[in-house]
Enquirer: 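Please see the structure below; I have some questions.
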Amino acid sequence: QVHLVESGGGSVEAGGSLRLSCAASGYIHTTHCMGWFRQAPGKEREGVAAVYPSVGITYYTDSVKGRFIISHDNAKNTLSLQMNRLKPKDTAMYSCAAGWLVTVNAGCLPDRETEKDVNYWGEGTQVTVSS
């Protein structure tokens with residue numbers, strides 16, 4: 001069993017930065033991925049960024065490429081998301097996720113199909129970006 005606890009959410013003005021962290025307890029298999037999803041009010045949950053911890057390959061949804069950086073500290077089993085140049089449309093509940101299998105074609109890309117295979121979810125942390 002894996003337990004995920006997020007921290008670091010908050011409110012910031014557009015253009016600002018926030019750093020989210022996810023502390024993971026329990027064993028995550030070497031073929032499994034970790035990442036972040038978000039859900040804005042009235043919208044479906046979407047993948048934001050993911051990492052294949054075993055080799056450090058990262059994946060991003062197009063809307064955050066160049067602004068967000070995902071990283072994983074293997075020693076501490078902690079996942080982080082550095083969010084820069086935040087925009088109001090980034091406002092959402094951000095959830096840490098883990099436990100879906102890496103694939104040959106898509107790696108750990110966090111998308112609608114990936115979401116179905118996520119085995120572990122954190123409770124989420126709110127990010128609010130004001131204009």
Side-chain angles (χ1 to χ4, degrees):
Q1 186 70 20
V2 174
H3 187 52
L4 306 173
V5 179
E6 303 98 334
S7 61
S11 298
V12 66
E13 292 186 350
S17 298
L18 283 173
R19 185 177 180 87
L20 305 183
S21 293
C22 172
S25 60
Y27 175 69
I28 296 177
H29 197 274
T30 55
T31 61
H32 287 181
C33 308
M34 295 185 72
W36 295 91
F37 289 74
R38 67 185 180 187
Q39 187 167 21
K43 295 187 177 182
E44 294 184 346
R45 185 158 52 190
E46 65 171 347
V48 177
V51 62
Y52 183 25
S54 295
V55 295
I57 299 175
T58 58
Y59 307 83
Y60 299 93
T61 192
D62 287 344
S63 63
V64 307
K65 284 181 181 177
R67 300 189 298 123
F68 290 12
I69 302 171
I70 189 171
S71 59
H72 182 260
D73 185 325
N74 287 325
K76 297 180 179 179
N77 204 10
T78 299
L79 186 70
S80 298
L81 185 68
Q82 178 66 41
M83 305 185 294
N84 301 318
R85 291 186 282 136
L86 282 160
K87 304 175 181 180
K89 65 179 182 180
D90 294 318
T91 295
M93 179 70 75
Y94 284 70
S95 297
C96 181
W100 72 94
L101 280 171
V102 63
T103 66
V104 173
N105 293 331
C108 291
L109 188 68
D111 56 19
R112 296 288 297 277
E113 290 301 312
T114 298
E115 184 180 341
K116 301 174 186 177
D117 297 327
V118 170
N119 288 320
Y120 307 105
W121 292 98
E123 291 190 355
T125 184
Q126 179 67 36
V127 171
T128 302
V129 184
S130 59
S131 58

Enquirer: Is there a path of hydrophobic side-chain contacts, each under 4.5 Å between heavy atoms of I/L/V/M/F/W/Y residues, joining M34 to V102?
Expert: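 No.
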Enquirer: For residues 9-21, tabulate all N or O donor-acceptor pairs below 3.5 Å that involve a side-chain atom, not counting sequence neighbours.
Expert:
residue : atom : partner : partner atom : Å
S17     : OG   : N84     : OD1          : 3.1
R19     : NH1  : Q82     : OE1          : 3.2

Enquirer: Given the rule that I, L, V, M, F, W and Y join up when any side-chain heavy atoms are under 4.5 Å apart, are V55 and I70 in one cluster?
Expert: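 Result: no, two separate clusters.
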Enquirer: Ignoring hydrogens, what is the shortest heavy-atom contact between A23 and T78? Give both atom names and the distance.
Expert: CA-OG1, 4.4 Å
Enquirer: With a 4.5 Å heavy-atom cut-off, do D117 and L101 have their side chains touching?
Expert: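 They are not in side-chain contact.
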Enquirer: Relative to the ring of W121, is the ring of F37 parallel (under 30°), tilted (30 to 60°) or perpendicular (over 60°)?
Expert: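 Geometry flag for W121 against F37: perpendicular rings.
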Enquirer: Which pair of heavy atoms, one from V129 and one from T91, lies closest together, and at what distance?
Expert: N-OG1, 2.8 Å
Enquirer: Go through the side-chain N and O atoms of T114 and D111 and say whether any donor and acceptor fall under 3.5 Å apart.
Expert: yes
Enquirer: Tell me every residue that passes side chain to side chain donor-acceptor pair (under 3.5 Å) with K116, counting only those two or more places apart in sequence or in another chain.
Expert: E113
Enquirer: Taking the side chain as everything from C-beta on, heavy atoms only, tell me whether V48 gets closer than 4.5 Å to P110.
Expert: no
Enquirer: Salt bridge check, K65 against D62: does any charged N sit closer than 4.0 Å to a carboxylate O?
Expert: yes
Enquirer: Under 3.5 Å, side chain of E123 to main-chain N/O of V5, donor-acceptor pair present?
Expert: no
Enquirer: Please report the interatomic distance OG(S131) to NZ(K89), rounded to the nearest 0.5 Å.
Expert: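 Answer rounded to 0.5 Å: 14.0 Å.
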Enquirer: With rounding to the nearest 0.5 angstrom, report the CD to CD distance, E44 to E115.
Expert: 8.0 Å
Enquirer: Show the nearest heavy-atom pair for residues R38 and A92, with the distance to one decimal.
Expert: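 Looking at all heavy atoms of both residues, the shortest contact is CB-CB, 3.8 Å.
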Enquirer: About how many Å separate CG of L4 and CD1 of I28, when rounded to the nearest 0.5 Å?
Expert: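 Rounded to the nearest 0.5 Å, the CD1-CG separation comes to 6.5 Å.
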Enquirer: Could you tell me whether a side-chain N or O of T30 sits under 3.5 Å from a main-chain N or O of S54, the two making a donor and an acceptor?
Expert: no
Enquirer: May I ask you to test the M83-I69 pair for a side-chain heavy-atom distance under 4.5 Å?
Expert: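 No. Closest side-chain heavy atoms not under 4.5 Å.
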Enquirer: Under the rule for ring-ring contact (aromatic ring centres under 6.0 Å, His included), what residues qualify as partners of H32, not counting sequence neighbours?
Expert: H29
Enquirer: Side-chain contact, heavy-atom cut-off 4.5 Å: W36 with S95?
Expert: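 Not in contact.
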Enquirer: Taking the side chain as C-beta and beyond, is there a heavy-atom pair between D90 and F68 under 4.5 Å?
Expert: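 They are in side-chain contact.
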Enquirer: Please give me the minimum heavy-atom distance between A106 and Y59, naming the atom from each residue.
Expert: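 So the minimum-distance heavy-atom pair works out to O-CE2, 3.6 Å.
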Enquirer: So, taking the atom named CG in N119 and the one named SG in C33, what distance separates them when rounded to the nearest 0.5 Å?
Expert: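 So the CG of N119 and the SG of C33 are separated by 11.0 Å.
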Enquirer: Can you tell me how far SG of C22 sits from NE2 of H3, rounded to the nearest 0.5 angstrom?
Expert: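 So the NE2 of H3 and the SG of C22 are separated by 9.5 Å.
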Enquirer: I need the minimum non-hydrogen distance between A49 and L81, along with the two atoms involved.
Expert: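 Nearest pair, atom of A49 first, then L81: CB-CD1, 4.1 Å.
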Enquirer: Determine whether Y60 and Y94 fall in the same hydrophobic cluster, where Ile, Leu, Val, Met, Phe, Trp and Tyr are linked whenever their side-chain heavy atoms lie under 4.5 Å apart.
Expert: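 Yes, it is one cluster - the side chains of Y60 and Y94 are joined through contacts under 4.5 Å.
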Enquirer: Could you please spell out the steps behind the side-chain contact (heavy atoms from CB on, under 4.5 Å) verdict for V51 and L79?
Expert: CA-CA 9 Å; V51 62; L79 186 70; 3.5 Å; yes
Enquirer: Taking all non-hydrogen atoms of both residues into account, name the closest pair between V118 and W100 and its distance.
Expert: CG2-CE3, 3.6 Å
